[in-house]
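Count residues from 1 along the sequence. Every heavy atom of this structure was used, including side-chain atoms; hydrogens, water molecules and symmetry mates were not.
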Amino acid sequence: MDKFTTLTGIAAPMPLVNIDTDMIIPKQFLKTIKRSGLGINLFDEMRYDREGNELPNFILNQPAYRQTQILVAGDNFGCGSSREHAPWALLDFGIRCVISTSFADIFFNNCFKNGILPVVLPQDAVDTLMEDARKGANARITVDLENQTVTTSDGVSFAFEIDPFRKHCLLNGLDDIGLTMEKAPRIDSYETQMAQARPWV
């Protein structure tokens, strides 16, 4: 998992509320167990018509937002089913941070496990960031995980809260496997002791 320290990037405004995981990555794309290749199908039913042509009015199809790394979204982002493919699709597209007033619990947890930072801020802060994101590619938002701040292109900063353990994992690029591997010396030591104490096992 890539480390998340400070991200300065294009933010796309998505003011819709209750964006669920089926909207993020529709069910027909859940056959794969790979984390790569899903970015092309992110928000598939909103991005494309039935013939597979891009819908020009959708925010991520607009030239200013094709390199989006941050989403500023409406309330209750990631609701619906528990599919981990939703953060996989966001990450594969290039999105490393989603900002909203609230997230569905399972989606929120899955983001941390996949290197995406979900930032919860009050409505007035999200409104300010949403307006800043509407300025397009020239208005870049900065997310500083170490200092727990989100800063608009005009220099207005908002502080956010994050669980210290989750912060540690993101800063160091540690998913569940990485956390286990941190304990590899202790695991090896234990296995050596058990092999000596119980050689018949």
Side-chain angles (χ1 to χ4, degrees), residues 1-2 4 7 9-123 125-137 139 141 143 150 160 166 170 175:
M1 190 170 82
D2 291 338
F4 190 114
L7 171 66
I10 298 168
M14 293 190 71
L16 293 173
V17 299
N18 302 320
I19 294 177
D20 64 34
T21 52
D22 192 56
M23 294 167 69
I24 297 170
I25 185 70
K27 59 185 177 300
Q28 62 266 32
F29 303 111
L30 304 185
K31 298 174 184 177
T32 182
I33 57 172
K34 296 180 180 178
R35 299 187 185 196
S36 60
L38 290 170
I40 190 69
N41 304 118
L42 178 68
F43 298 115
D44 188 85
E45 294 176 1
M46 292 190 284
R47 281 173 73 191
Y48 308 105
D49 63 21
R50 292 186 178 181
E51 286 70 46
N53 302 306
E54 288 189 353
L55 297 171
N57 289 334
F58 183 67
I59 191 72
L60 297 182
N61 290 338
Q62 296 172 18
Y65 298 102
R66 287 187 178 274
Q67 302 301 316
T68 291
Q69 293 178 283
I70 302 165
L71 281 184
V72 185
D75 190 52
N76 197 30
F77 189 89
C79 57
S81 69
S82 60
R83 64 191 70 172
E84 195 169 4
H85 292 69
W88 291 356
L90 288 165
L91 191 63
D92 193 60
F93 183 86
I95 293 168
R96 295 294 311 277
C97 178
V98 182
I99 302 168
S100 179
T101 54
S102 67
F103 294 88
D105 287 344
I106 295 175
F107 175 83
F108 187 77
N109 293 331
N110 282 338
C111 280
F112 287 106
K113 292 181 178 182
N114 288 281
I116 296 174
L117 173 61
V119 173
V120 178
L121 287 172
Q123 187 65 61
V126 172
D127 290 343
T128 299
L129 291 164
M130 192 81 70
E131 193 61 34
D132 195 48
R134 289 191 176 101
K135 296 176 184 177
I141 288 174
V143 182
V150 179
F160 63 88
R166 285 172 165 164
L170 281 178
D175 57 11

> Donor-acceptor pairs are to be reported for all side-chain atoms of residues 9-20 against protein atoms at under 3.5 Å, with residues two or more places apart or in another chain.
unit_1	atom_1	unit_2	atom_2	d
Asn18	OD1	Asn76	ND2	2.9
Asp20	OD1	Asp22	N	3.0
Asp20	OD1	Met23	N	2.8

> Any idea how Phe58 and Phe43 line up, ring-wise: parallel (<30°), tilted (30 to 60°), or perpendicular (>60°)?
tilted

> Can you tell me how far apart CG (Asp105) and OG (Ser82) are? Round to the nearest 0.5 Å.
12.0 Å

> At their closest point, which heavy atom of Ala104 faces which heavy atom of Gly78, and how far apart are they?
CB-O, 3.2 Å

> Mind telling me whether Trp88 and His85 have parallel, tilted or perpendicular rings, with 30° and 60° as the class edges?
tilted

> Salt bridge (Lys or Arg N to Asp or Glu O under 4.0 Å) with Asp132: which residues, sequence neighbours excluded?
Lys135

> When you look at Asp2 and Arg96, which way does the side chain to side chain contact (heavy atoms under 4.5 Å, CB included) test go after all the steps?
CA-CA 10 Å; Asp2 291 338; Arg96 295 294 311 277; 4.1 Å; yes

> Please check if the side chain of Ser100 supplies one atom and the backbone of Ser102 the other of a donor-acceptor pair under 3.5 Å.
yes

> Going by the side-chain contact (heavy atoms from CB on, under 4.5 Å) test, name the single residue among Val119, Ile106, Leu170, Ile116 that passes it with Cys111.
Ile116

> Look only at the side chain of Asn114 and the backbone of Asn110, and say whether a donor-acceptor pair between them is shorter than 3.5 Å.
yes

> Taking Ser81's backbone N and O only, do any of them form a donor-acceptor pair with Thr21's side chain (distance below 3.5 Å, no angle check)?
yes

> Less than 4.5 Å apart, any side-chain heavy atom of Phe107 and any of Pro87?
yes

> Would you indicate whether Asp127, at its atom CG, is surrounded by more than 12 heavy atoms from other residues, nucleotides or ligands within a distance under 6.0 Å?
yes

> Given the rule in the side chain to side chain contact (heavy atoms under 4.5 Å, CB included) test, do Phe93 and Leu71 qualify, once you have shown the distances and angles that lead to the verdict?
CA-CA 12 Å; Phe93 183 86; Leu71 281 184; over 6 Å; no

> Between Asp92 and Leu42, does a side chain to side chain contact (heavy atoms under 4.5 Å, CB included) hold up when you go through it step by step?
CA-CA 9 Å; Asp92 193 60; Leu42 178 68; over 6 Å; no

> More than 12 non-hydrogen atoms from neighbouring residues, nucleotides or ligands closer than 6.0 Å to CD on Glu54, yes or no?
yes

> When rounded to the nearest 0.5 angstrom, what distance separates CZ in Arg66 from CD1 in Ile59?
11.5 Å

